[in-house]
Amino acid sequence: MTEKEELESMCKRRGYIWQSSEIYGGEAGFYDYGHLGSQLLDNWKREWKNYFLSLDDNYHLIQTPNIHPYRVLDASGHVDHFSDVMVRCEQCGSSFRGDHLIEEETGESAEWMDKEEIGGKIKELGLSCPDCGGPFSDPEDFNMMFGLDLGPTGEKKGFLRPETAQSVYINFRREFRALRKKMPLGLATIGSAFRNEISPRQGVFRMREFRQAEMQIFFVPEIHEEIFEERYEMIKDTKVKVKRVDQDEAVEIKLGEIEDLPPFYLYHLGKMYEFYTKVMGLSFEEVRFRELSEDEKAFYNKIHFDLEIDLDTLGGWEEISGLHYRSDYDLKQHQEESNTKLSIPTEEGRKIPHVIELSFGVDRNVWALLDRGFKNGDRTWLDLPVKLTPRQVAVFPLVRKDGLPEKSRDIYESLNRDFRAHWEKSGSIGKRYARNDEVGTRYCVTVDYDTMEDDSVTIRDIETTEQIRVPVNDLTMILRRLIEREKSFEQYMEEQD
RNA sequence: GCGGCUGUGGUCUAGACUGGUUAGGACCCAAGCUUCCCAAGCUUGUGGCCCGGGUUCAAAUCCCGGCAGCCGCACCA
């Protein structure tokens, strides 16, 4: 089996993640998280919130519906731009994007054209199927958004949102007032988004329903730049790995050495990098930022880097998150379409705030954790940071007799109040270690015959399989220190020698 | 969405070409025995031919349709 198959098998067998509706044969583009996956997902969200909301006093979380009325997505440009005009070859059945066919022929952009215009232009140019030369059918709209009829008459139209960002923009005005007009203002949200992908593949990387965690930061560049500059100064020696659009390889560089990007952008780039190395526990080498070319990036993004992680299961660097400078495009659009003033008063008159967006694919982040953590050599184990892992500690009896199971159960119950704990007694001790290695249980506490004598237990570290012996009374304190990284397992080991 | 390949207990698979005993194995899981630290062993047990239709005395096996997965193309503002 390939690495990917091994990991998928583990995820199904042990309760992380699998295809949705599987007893009915499944449906492409939908996945369910089991008891472990769901816990990992929750933990990731919690750590994400802890990290990004604490970047500034004025960064906050909001919660919004998955459904937008038609006008929101019309204003944002999704009704026009998120759809493509497709034409189908009547002879061989292949389908193509109409605007692309025209662009190839004329060399000019045809993205602005609607269904009728594209149909007319194709006839005018006498285009035929590039595959077989057959004639084209009439063009049809294909929109990546799931449309909805709202209410009993079905006359009101809406969509499942294709991104969470718009939910935040339409709440800017309310929150700006509620938060007493302080700027910069950061509004984060974690929620689901929906895209009717033509052919979803690559597991959780292209789903029809997926989760996003986004931090939208509103600011007026010429006024608030200073604030970010100060923060940037503090981290400008931070090293990151960046692949610019004109480079073949990512290079290691200090933030301060990147001269053509504004401090507010570099500051957040540095902070995102830090999230991946410090919170998600990835090594510097496994993460990079890649700048998107003009062709790749959306027209409203002035600066766009994707954060990519080198994944074994997907064969290389994959987009996990993004940092987008969206300028004032979004608020301007909504101001115009809603006839609501979204500019803010400044000493230099009213200004429409700009947005820098920190955007994270939650499912992709979770999969990246599983991919990078999955070790399948001599021993199979899952290396998840202790703050993120679904099981922080497991408690076992060494053997199933002489009161050890009961003792271990007592210890488990006391630990379960403070940690994500687990208890089991079936099989042999080795088997229990192996089972817990596979799902990423960080520490295994074993009750043995010494425990019955002197009330001490062993703690085993998943990474090294080494053990330390500690008093039961100190267990909670020691585990807490290990989890909070106040003291490392190695330090405890040294103390014992 | 197009083309190719594939679909057997929870997982991985044998069987299919050449239709015919009770669909076999390994691992996992559960219960028990055993066991003083890294998937030991023994006993017992649960559980399966992707779905629907057709051909046939008889279908996991052949045919048609659907669904899903993988690969290629296309798509991924």
Side-chain angles (χ1 to χ4, degrees), chain A residues 1-2 4-6 8-15 18-30 34 73 76-84 86-89 91-97 99-101 111-112 129-132 140 142-145 162-163 165 195-203 205-208 210 292 295-301 304 315 319 324 329 378-381 396-402 404 424-438 444-453 457-462 464-467 469:
Chain A
M1 281 207 286
T2 63
K4 187 178 180 216
E5 288 166 337
E6 296 274 7
E8 283 171 345
S9 164
M10 185 283 282
C11 286
K12 283 197 259 187
R13 272 185 294 111
R14 298 301 191 187
W18 51 82
Q19 190 166 35
S20 198
S21 304
E22 63 173 353
I23 66 168
Y24 286 101
E27 190 66 44
F30 299 95
L73 291 160
S76 68
H78 285 88
V79 171
D80 290 335
H81 293 285
F82 218 67
S83 68
D84 295 314
M86 303 295 291
V87 293
R88 170 179 289 278
C89 170
Q91 193 167 295
C92 71
S94 299
S95 52
F96 304 90
R97 277 183 59 168
D99 57 329
H100 283 187
L101 291 170
E111 215 191 315
W112 53 272
C129 174
D131 286 355
C132 74
E140 280 174 46
F142 175 77
N143 197 302
M144 295 265 294
M145 292 194 291
E163 60 175 24
R195 295 180 189 180
N196 197 7
E197 296 284 354
I198 296 172
S199 70
R201 277 183 204 178
Q202 295 192 292
F205 267 64
R206 263 181 89 182
M207 293 195 284
R208 290 191 166 124
F210 58 103
L292 271 68
D295 288 349
E296 290 175 297
K297 69 187 190 193
F299 64 92
Y300 51 76
N301 275 337
H304 182 164
E319 174 194 355
H324 319 126
Y329 172 79
D378 298 338
R379 185 167 70 97
T380 298
W381 65 290
F396 319 127
L398 181 61
V399 294
R400 287 165 58 185
K401 58 182 181 184
D402 302 327
L404 304 199
E424 61 182 82
K425 63 170 182 175
S426 75
S428 64
I429 186 70
K431 186 137 194 159
R432 297 191 286 258
Y433 287 144
R435 274 200 284 250
N436 279 277
D437 281 346
E438 195 178 17
C444 291
V445 169
T446 300
V447 166
D448 56 22
Y449 284 96
D450 290 351
T451 313
M452 310 309 270
E453 302 275 316
V457 290
T458 56
I459 306 177
R460 169 187 180 272
D461 178 64
I462 192 176
T464 59
T465 77
E466 301 279 0
Q467 291 180 320
R469 180 166 283 278

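So you know, we letter chains A, B, ... as the sequences are listed, proteins then strands, and number each from 1. Everything numeric here is computed off the predicted structure, so don't read it as measured data.
Rounded to the nearest Å, the gap between the P atom of B/rC49 and that of B/rA31 is 26 Å. Annotation: B/rC29 and B/rG48 have their C1' atoms spaced 15 Å apart (nearest Å). Separating the P atom of B/rC33 from that of B/rU21 is a span of 41 Å, rounded to the nearest Å. Of the P atoms belonging to B/rG72 and B/rA26, the separation is 36 Å, rounded to the nearest Å. Annotation: B/rC2 and B/rG9 have their P atoms spaced 27 Å apart (nearest Å). Taking the P atoms as reference points, B/rG20 lies 11 Å from B/rC62, given to the whole Å. B/rA59 sits 15 Å from B/rG52 when the C1' atoms are compared, rounded to a whole Å. Comparing B/rU11 with B/rG54, their P atoms sit 30 Å apart, to the nearest whole Å.
With a 4.5 Å cut-off on side-chain heavy atoms, A/Val445 and A/Phe396 do not count as touching. The shortest side-chain heavy-atom distance between A/Ser428 and A/Lys431 falls under the 4.5 Å cut-off.
In this model, no donor atom of one side chain and acceptor atom of the other lie less than 3.5 Å apart for A/Ser20 and A/Arg208.
Residues satisfying the side chain to side chain donor-acceptor pair (under 3.5 Å) criterion with A/Arg432, sequence neighbours excluded, are absent altogether.
Centroid-to-centroid, the aromatic rings of A/His324 and A/Tyr300 stay 6.0 Å apart or farther. Between A/Phe205 and A/Phe210, a ring centre-to-centre spacing not shorter than 6.0 Å is recorded.
Of the residues listed (A/Arg195, A/Arg201, A/Glu197), the one engaging A/Arg206 in a side chain to side chain contact (heavy atoms under 4.5 Å, CB included) is A/Glu197, and it is the only one. Paired with A/Thr446 under the rule side chain to side chain contact (heavy atoms under 4.5 Å, CB included), one option of A/Val457, A/Thr451, A/Ile429 passes, and it is A/Ile429.
B/rC70: Watson-Crick or G-U partner is B/rG4, with both key distances under 3.5 Å.
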Heavy-atom protein contacts under 4.0 Å, nucleotides 68-77 of chain B, coded B base, S sugar-phosphate only, - none: SSSBBBBBBB

Per-nucleotide protein contact string for nucleotides 34-40 of chain B, where B marks a base within reach and S marks sugar-phosphate only (heavy atoms under 4.0 Å, - for neither): BBBBBBS

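Distance A/Lys425 NZ to B/rC29 P: 15 Å, rounded to the nearest Å. As rounded to whole Å, 15 Å separates atom P of B/rG48 from atom CD of A/Glu22.
A salt bridge is defined here as a Lys NZ or Arg NE, NH1 or NH2 lying under 4.0 Å from an Asp or Glu carboxylate O, and A/Glu438 with A/Arg14 meets this definition.
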